[in-house]
Amino acid sequence: MPSPSDIVKVAIEWPGANAQLIEIDQKKPLASVVREVCDGWSLSGSEQFALRYADGPQLYITEQSRADIKNGSILRLAISPMRAARQLLERIQSHGIDARLEALKELAKLSADPAFATEFINMEGLATLARLVESGTDLSLVCSFGEMLAFTLTAFLELMDHGIVSWDLISVSFIKQIAAYVNQPMVDVSILQRSLAILESMVLNSHSLYQRVAQETRQSNQEIQTYAIALINALFLKTPEDRRQEMASTLAQKHLRGIILNHIIRGNRPVKAEMAHQLYVLQVLTFNLLEERMMTKMDPNDQTQRDIIFELRRIVFDGDSDPSGTEKRKAIYTKDYKVLGFTNPVNPAMDFTQTPPGMLALDNMLYLAKVHQDTYIRIVLENSSREDKHECPFGRSAIELTRVLCDILQVGELPNEGCNDFHPMFFTHERAWEEFFCVCIQLLNKTWKEMRATAEDFNKVMTVVREQITRALAMKPPSLEQLRVKLRSLSYSEILRLRQSERMSQDDFQSPPIIELRERIQPEILELIKQQRLSRLCEGSCFRKLANRRRQEKFWFCRLSLNHKVLHYGDLDESPQGEVPFELLTDTIPVSDIKAVLTGKDCPHMKEKSALKQNKEVLELAFSIRYDPDEALNFVATNKYEYCIWTDGLSALLGKELGSDLTRSDLDTLMSMEMKLRLLDLENITIPEAPPPVPKEPSTYNFTYNYG
């Protein structure tokens, strides 16, 4: 008789039959249990069957996992993993599109099962999926290509996650195809997510594949380098927040920062705009790792956190012997914490309960105290020896400075599209943030002395320090040492001089005569911009046509007639070189029929349920012409510049204001140039607020001029 502890009571289902309530002897081979179940339903060939859970992930039960079966579990008799793998492999390779799609859909679910995955991989199923992905160009003609590819990539990723096959065995052609999906501008979101997940696993789990990505960053071709950095950024964005720190540590161990610094920033070629944007994104994502600490309040009752504050005290006052009495010790500590500049010297932990900067400020202070100990001690003791009213409170200053730095570098905010504002110096040190803080806290102490500030001037000092840091960062120092040099030159007196100079320059342009001149000039400039936009519409532009599930590009061209009365457009076989004659553009829309110009989400082609709707870049470049009878001509501009040109030009045709960012930029530039040209002769001449007085009438009008 089997022991009661070895018996599990379960229900087993089979389609079209009553469930069996049986007792499974866990000491008996699983094959024997399956045979008994098959006999109960008079099914032959028990070796072709297996047991699976009926609920949850519905995993196959194996000899290794059978111990997890609980009393009352509901199981299901199913075809064995080997048989299921063979059948799915045959269906995946069939010519019927619908059958293949259903097979891939089922495979995506089953691939999470270890037992099935082992059998499928043993039958070279993984290689079959890889070939399907690599042949994606041919399959793109299939209407359900997007769904098939999404299920294929899901199954591939699930199978690889079991660790049965090494990522090092993945072919180069497969990697290139996956990278192509990531770089594709209007790829379906599900495909993009799975492609990024595969690339992430490649980089993190395969040393050789990571070296391949790292090798790309060492390339002399900056376009390839840009794609490599873009991949790392995409992986960062896709990785769950709780794993981003782990990923950053992995990349740090692989010396990615050094590779970027030596082969891109300090490379032989200047950094182009797209590369600058990717470096900016990487910088933002790296600093965003600080957000968790920035938004974490200190727990005054947490002894570990309180020990850090005690360590800050110990480093400065290490030579002082601790008094024996508790009350004496408490009094001494309070005095020391006051010297350290905490707002609450009795319980300094309360200073770190405001977010931001939260615990990040304490991290910065500890780094300064540990790594730059001499500087830390000098700052604290130097202030303790000043007169009370002129001492700079280190603790309060460090906390506020951390908040200011977080604000300047926008810690916790997502990268801005089109922004290229990266700082080379942040790539020169593994602990760039902490070192940046250490440089700035010394600046704060220096500025405090230069301003002869008191506690009442604290906010004023922080305003000056913020301006000093902002101006220094705008100069893009290549290293932290160069930052020190820039900050040294931006003393308090220099900041006052710059402020005065800028104020005087600004005041000149705010005087009534100047304002009146601007108002007179502006209509002329706007008319000039309007004519330029219409001229560009007459030249015409080429636009792409991209269907939802097709990858080949088609083009069409649109241009305005020279009399500004008709829009001509038509399809092209390939991207044109130069202007397209009106004769080739067979379709027309009279300008008088145009009812409205729509942009972004209001466009008809952006309201359709497709990948276009989910692509923010495409959304920002989309516009449509609504014309009679309620028809629309839909556009997706190639870039922001073309978008602004066409939306401005169409607005001009309809007699509406030009409201694009490009118009505002052009208006500012042209107005500034025209104003400077017209005021050139007034250099260094004070412009009066009011017109000069009319002189008095002459005493007599008896004066003439004789010509000879």
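In this text the structure is predicted, and so the values were computed from the model without any measurement.
- Residues that satisfy the side chain to side chain contact (heavy atoms under 4.5 Å, CB included) test with L584, not counting sequence neighbours, are V580, P581.
- Looking at T402, I399, L405, T355 one by one, the single match for side-chain contact (heavy atoms from CB on, under 4.5 Å) with L360 turns out to be T402.
- The shortest distance between side-chain heavy atoms of Q283 and L279 does not fall below 4.5 Å.
- Note on ring orientation: taking the six-membered ring where Trp is involved, the planes of F426 and H423 are perpendicular (angle over 60°, cut-offs 30° and 60°).
- For the pair C558/F635, a side-chain contact is recorded, criterion being any heavy-atom separation below 4.5 Å from C-beta on.
- Within the 3.5 Å criterion, the main-chain N or O of E413 finds a donor-acceptor partner in the side chain of N288.
- Residue pairs meeting the salt bridge (charged side-chain N to carboxylate O under 4.0 Å, His left out) criterion with at least one member in residues 589-603: none, sequence neighbours excluded.
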Checking side-chain contact (heavy atoms from CB on, under 4.5 Å) for the pair L650/L567: CA distance, chi angles, key distance, verdict? CA-CA 10 Å; L650 293 169; L567 278 174; 4.2 Å; yes
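- Not one N or O on the side chain of S535 forms a donor-acceptor pair closer than 3.5 Å with the backbone of Q531.
- You'll find the side chain of Y643 reaches within 4.5 Å of the side chain of T599, heavy atoms only.
- For the ring-ring contact (aromatic ring centres under 6.0 Å, His included) condition, the pairs that include at least one residue of residues 576-604, sequence neighbours left out, are H568-F582.
- Q278 places a side-chain heavy atom less than 4.5 Å from the side chain of E274.
- Classification of the F623-F543 ring pair by plane angle, with boundaries at 30° and 60°, yields perpendicular.
- Counting only heavy atoms from C-beta outward, the side chains of M425 and F436 approach each other to under 4.5 Å.
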